[in-house]
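Protein chains get the first letters and strands the later ones, always in sequence-line order, with residue 1 at the start of each.
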Amino acid sequence: MSGKSSAIGKGDRLILVDGSSFVFRAFFQSMNQDAKYNYRSDGLPTGALRMFCVKLWQFIREGAAGVKPTHLAIVLDKSEGSFRREIYPEYKGHRPDAPEDLKRQMPLMRDAVRAFGLIPVELERYEADDLIAAYAREAAAAGAEVVIVSADKDLMQLVGPHVRFYDFESGIKGKNGYRPERNLDVEGVIERWGVPPEKIADVLALTGDTSDNVPGVPGIGPKTAVQLLEQFGDLETLLERAGEIRQPKRRETLIENADKARLSRKLVLLDEKAPVPVPLADLTLAEIDAQKLIAFFKAMEFTTITKRVATEYDIDLNAVEADPELARGGDSAGESGAAGEVGLAEGDPQASPERLVKQRREEAQGLKIDREAYECLRDRDSLDKWIADAREAGIVALDTETDSLSAHSAELVGISLGLPDGRACYIPLQHRGGSDLFDETGLVKGQIPLDDALAALKPLLEEPGTLKIGHNFKYDWLVLARYGIETAPVDDTMLISYVLDAGRGGHGMDDLAERHLGHTTIKFAEVAGSGKKAVSFDRVGIEEATSYAAEDADVTMRLWRVLQPRLAAEAKMSVYQTLERPLVPVIACMERRGIKVDRQILSRLSSDFAQTLTRLEEEIQEDAGERFSVSSPRQIGEILFGKLGLPGGKKTPSGQWATPASALEELAEQGHPLPAKILEWRQQAKLKSTYSDALPNYMDEKGRVHTSFSLAATTTGRLSSSEPNLQNIPVRTPAGRKIRAAFVPEKGMKLISADYSQIELRILAHIADIPQLRKAFADGIDIHAATASEMFDIPLAEMTSEYRRRAKTINFGIIYGISAFGLANRLGIGREEAGAYIKQYFERFPGIRDYMEETKTYCREYGYVSTIFGRACHYPAIRAGNANERMAVERQAINAPIQGSAADIIRRAMIRMEDALSGSKLHAQMLLQVHDELIFEVPEDEVDQTIPLITRIMREAPHPALTLKVPLEVEARAADNWDEAH
DNA sequence: TTCTAAGCG
DNA sequence: GGTTGCCGCTTAGAAT
């Protein structure tokens with residue numbers, strides 16, 4: 001386009017786009033769209049880029065702020081270090097990092113600009129703002145009209161008779177419906193700032209600018225600054241005559257901070273003299289090369305904008321091929337060249353997701369895994385070579401080996417890497433034994449010093465341009481985080497498998513290798529031994545460790561190549577990108593924090609329980625007339641139903657007497673003292689063994705307990721918690737709540753518990769679209785009472801607790817896939833009566849019967865059901881021949897969309913929570929999730945601000961993807977222990 | 001390792 | 001025509 005150059009002049013119109021703020025805006029706008037539009041089929045985030053292109057296309061064709069351009073420039077920041085850093089090192093100092101997904105698509109922005117036939121304008125040592133200033137002045141001086149497109153208020157300095165400032169609306173609305181300024185002329189600037197554009201730098205010099213870390217003068221805000229400038233004319237005059245200021249305090253700070261103000265002005269003042277790297281004349285808009293633009297869009301997998309361009313230029317879409325070369329990311333060799341290529345079918349730009357899936361599967365089955373070829377890296381040179389290769393590939397599988405199973409305390413023993421070409425290596429770091437020679441520190445010889453290796457690996461593991469692949473990466477993330485490495489971006493093959501195949505089998509690496517690669521992995525026990533002979537991994541010989549560890553990385557990479565393409569092909573990209581991937585660091589941080597437990601409380605409880613147990617045991621044995629083990633259900637059964645001949649005994653599937661609580665309760669109601677005592681004993685024994693005795697063993701030196709949440713353990717999308725399970729801490733009985741009360745905040749802090757009220761019933765009302773339930777929820781009426789009123793024809797005002805209780809049981813039964821038998825059992829009524837209830841329920845709420853029937857039919861046909869966010873839960877056994885089994889699976893299928901949708905909602909809330917809190921400068925920390933409840937630890941003086949924020953994030957969690965037909969309600973409370981907070 | 005019971009949502 | 005039976009988890013202890 002430089003061939004058509006002509007100098008700018010009167011009648012010309014120039015749009016100057018502040019590239020980085022533009023792409024930021026674009027990113028947040030893209031976040032308001034369904035996630036499926038924001039990722040390419042290889043998982044690369046492209047949402048910001050898509051919005052960027054849509055807007056750029058719009059500016060070129062239609063103009064911005066009512067100005068249709070003859071010239072246009074996208075101006076970028078070349079690097080972090082501008083000349084402002086040289087005069088003030090703290091400039092833009094503590095800026096939060098851009099979101100991970102945005103960072104990954106940044107390199108492609110220049111490609112997008114070029115695809116439009118434009119030149120990305122950037123210059124070393126200068127910020128985009130300075131170049132925009134220089135262009136704006138030059139163009140305005142020549143008589144052209146200028147529009148500056150930016151979200152950065154600093155650029156409002158440049159507004160003048162021929163220069164406007166334009167900010168297109170951010171996708172995210174702030175508090176009080178705040179919207180950024182847009183389309184400002186000189187009048188608009190004066191209205192916004194109280195001063196004309198040329199004085200903005202003076203204002204900022206006084207007030208400072210927190211976002212850029214410009215100091216300013218302490219205690220001077222915008223109001224005072226404007227007033228002072230009105231009084232004295234400009235900053236220099238003000239500073240010279242500061243002695244004349246009446247207010248003593250203000251006078252002193254201004255005199256004292258005069259230099260700071262001058263420095264601040266230098267920082268905020270834009271450098272109009274910046275040497276522009278591209279002459280204005282070369283910014284003339286030429287006709288777009290639509291073929292090239294479409295080829296780029298196709299490589300990015302944009303659809304709507306691609307069609308729009310094709311229509312505009314009357315081009316046959318199918319005749320244009322995607323050109324991955326146009327979307328390489330970065331402009332020179334060596335700079336994260338792979339960001340635009342990751343996962344694309346090699347040399348086949350037309351590969352459809354389905355073909356790619358097939359190709360990868362065949363490839364995986366054809367490629368033999370060769371353990372002999374794994375490398376063991378024992379010196380820096382070979383490690384550096386591997387790091388370079390990983391960088392070149394843009395993708396690397398990663399696995400850590402440690403000396404214990406707990407990610408919170410394990411020491412790093414080694415790291416393995418795997419590449420897409422099937423190469424894999426192991427880097428031993430802290431092996432201490434086996435048959436290898438070791439030195440005086442106990443470390444086996446021939447290992448790269450840990451610090452050296454980590455220093456070399458850290459940039460690779462943290463850089464946005466190289467995708468890391470892990471399996472159950474939360475573990476590795478936690479281990480590496482303790483060595484100061486925050487790995488990103490990461491794909492997790494366990495989570496990809498979970499999204500694709502929940503319900504179809506395990507998601508452990510061994511399972512997946514068998515299933516997808518037909519490969520049997522070396523088992524951990526084979527190298528480390530099992531039972532008494534088991535050793536920790538640092539005692540495993542390095543050669544053996546290499547085949548085991550490198551294989552893990554190798555298999556992980558191969559699994560990724562097989563599974564990842566299925567995300568796009570099976571329309572599961574959104575689920576993976578919005579509900580799974582971002583949750584890994586969130587959960588990891590929660591686990592790392594742990595929750596404090598009061599050891600004394602537990603130890604006292606243990607003694608209390610022990611005492612009660614002894615007493616009960618004696619009474620029980622006396623009543624039974626013999627000594628036996630109360631903890632043995634079989635012996636209990638033999639005593640109650642055999643020896644004492646109590647009525648109504650049932651057998652378990654294995655033929656022994658069944659003694660569940662419900663059976664014992666029934667006997668107790670009939671007046672038998674023994675079953676009641678056994679029940680009591682069992683409760684106390686459970687509380688003692690599982691909680692008061694066991695929990696202290698999990699406490700760290702600070703008295704905190706770190707559970708492990710599993711993200712891929714359930715069929716429905718719920719999390720699970722283990723070692724210890726903190727999702728089943730007692731709450732239903734007074735004795736149990738004493739355990740819960742042992743969970744406490746740190747001094748000066750409170751615990752906040754926030755839980756969704758009736759979330760599953762609300763989801764049922766939404767999915768099945770039940771008018772009465774929707775109305776009851778909308779009106780905030782007690783839902784069980786409303787159900788009872790509808791079912792039993794009793795006005796709400798006359799509702800009795802008994803009818804409400806029955807309705808409540810029925811409501812729960814419905815969620816679980818009700819049966820007359822089950823309901824009868826629960827309510828202690830006859831089967832006929834229970835059947836009549838169900839019949840009546842379905843007559844009043846026919847939509848629920850429809851939902852149940854449709855769900856069963858759907859599941860039978862497709863083998864899976866889905867949550868409202870598209871998570872699939874597979875039930876292959878739905879076609880089982882056995883009627884009982886089939887009915888059981890049908891109930892699961894009915895329940896899964898309800899339970900799973902609730903799980904999705906709280907996942908969304910959790911993912912947003914951290915940013916929302918830190919964005920509001922609050923220090924609350926999320927500690928636990930218990931399915932519909934989140935537990936936080938919060939500084940006492942922030943409780944009042946934190947509760948509304950948490951509540952809002954949880955209530956609004958389905959947005960913007962979905963708007964439920966019922967409101968979500970959240971109850972939150974702060975207290976000094978978990979029992980009181982709940 | 002499997003079964004039974006009990007803790008939670 | 002008898003049987004079984006309400007969803008999702010983890011842990012402890014006994015029995016195998």
Side-chain angles (χ1 to χ4, degrees), chain A residues 502-503 628-637 650-664 678-679 681-695 697-698 707-710 713-733 735-737 739-740 755-760 764 809-827 831 834 838 852 865 873 875 882-900 902-903 906 928-934 978 982:
Chain A
F628 69 100
S629 171
V630 187
S631 58
S632 162
R634 203 184 65 174
Q635 296 180 39
I636 295 277
K650 287 184 185 145
K651 297 280 182 80
T652 69
S654 69
Q656 68 173 39
W657 292 110
T659 63
S662 57
L664 300 189
I678 294 169
L679 279 169
W681 186 94
R682 278 186 179 168
Q683 190 201 53
Q684 302 268 318
K686 177 73 176 178
L687 295 178
K688 181 170 189 289
S689 68
T690 310
Y691 304 104
S692 60
D693 283 354
L695 281 171
N697 300 326
Y698 289 101
T707 184
S708 175
F709 286 106
S710 172
T714 70
T715 314
T716 54
R718 271 195 180 179
L719 305 183
S720 78
S721 156
S722 61
E723 291 179 278
N725 181 356
L726 296 185
Q727 290 182 321
N728 71 344
I729 298 305
V731 71
R732 290 173 187 171
T733 64
R737 281 206 292 277
I739 302 271
R740 189 165 279 232
D755 66 296
Y756 284 108
S757 137
Q758 308 291 2
I759 188 166
E760 295 197 346
L764 177 66
T809 307
I810 294 167
N811 275 333
F812 276 104
I814 292 292
I815 289 173
Y816 296 151
I818 201 153
S819 75
F821 183 90
L823 186 61
N825 263 347
R826 284 279 147 160
L827 285 175
R831 245 170 89 176
I838 294 173
M852 292 178 140
V865 291
C873 314
Y875 293 97
N882 179 325
N884 287 328
E885 197 191 341
R886 197 175 58 240
M887 283 192 303
V889 178
E890 283 172 356
R891 288 191 299 273
Q892 293 165 16
I894 287 167
N895 174 259
I898 303 168
Q899 189 184 106
I906 198 165
L928 295 177
Q929 187 249 47
V930 192
H931 310 307
D932 64 356
E933 175 189 15
L934 294 173
W978 188 5
H982 183 75

What does A/Ala713 touch in the nucleic acid at a heavy-atom separation under 4.0 angstrom: a base, only the sugar-phosphate, or nothing? sugar-phosphate

Given protein heavy atoms under 4.0 Å, the one-letter contact record of nucleotides 2-9 of chain B, with B base, S sugar-phosphate only and - none, is simply -SSSBBBB

Using the P atom as the reference point in each nucleotide, state the distance between B/dG7 and C/dT3 in Å, no decimals. 30 Å

Looking only at side-chain atoms of A/Gln635, point me to the closest of C/dG5, C/dA12, C/dA15. C/dA15

When you check the gap from the basic side-chain N to the acidic O, do A/Glu760 and A/Arg718 get nearer than 4.0 Å? yes

Indicate, with a heavy-atom threshold strictly under 4.0 Å, whether A/Arg831 touches base, sugar-phosphate, or nothing. base

Any side-chain N or O of A/Ser631 under 4.0 Å from OP1/OP2 of C/dA14? yes

For C/dA15, does either OP1 or OP2 sit under 4.0 Å from a side-chain N or O belonging to A/Ser632? yes

Suppose you measure atom P in B/dT4 against the same atom in C/dT4; what distance do you get, rounded to whole Å? 13 Å

Output a table of donor-acceptor pairs, distance under 3.5 Å, between side-chain atoms of residues 811-825 of chain A and any protein atom two or more places apart or on a different chain; print 'none' if there are none.
residue, atom, partner, partner atom, Å
A/Asn811, OD1, A/Tyr841, OH, 3.4
A/Asn811, ND2, A/His784, ND1, 3.0
A/Asn811, ND2, A/Thr787, OG1, 3.0
A/Ser819, OG, A/Gly822, N, 3.1

Go through it in stages, so that I can follow the logic: the residues are A/Ser629 and A/Gln635, the test is side-chain hydrogen bond (donor to acceptor under 3.5 Å, both in side chains), and I'd like the CA-CA distance, side-chain angles, deciding distance and then a yes or no. CA-CA 7 Å; A/Ser629 171; A/Gln635 296 180 39; 4.7 Å; no

Atom P, compared across C/dC6 and B/dT2: separation rounded to whole Å: 23 Å

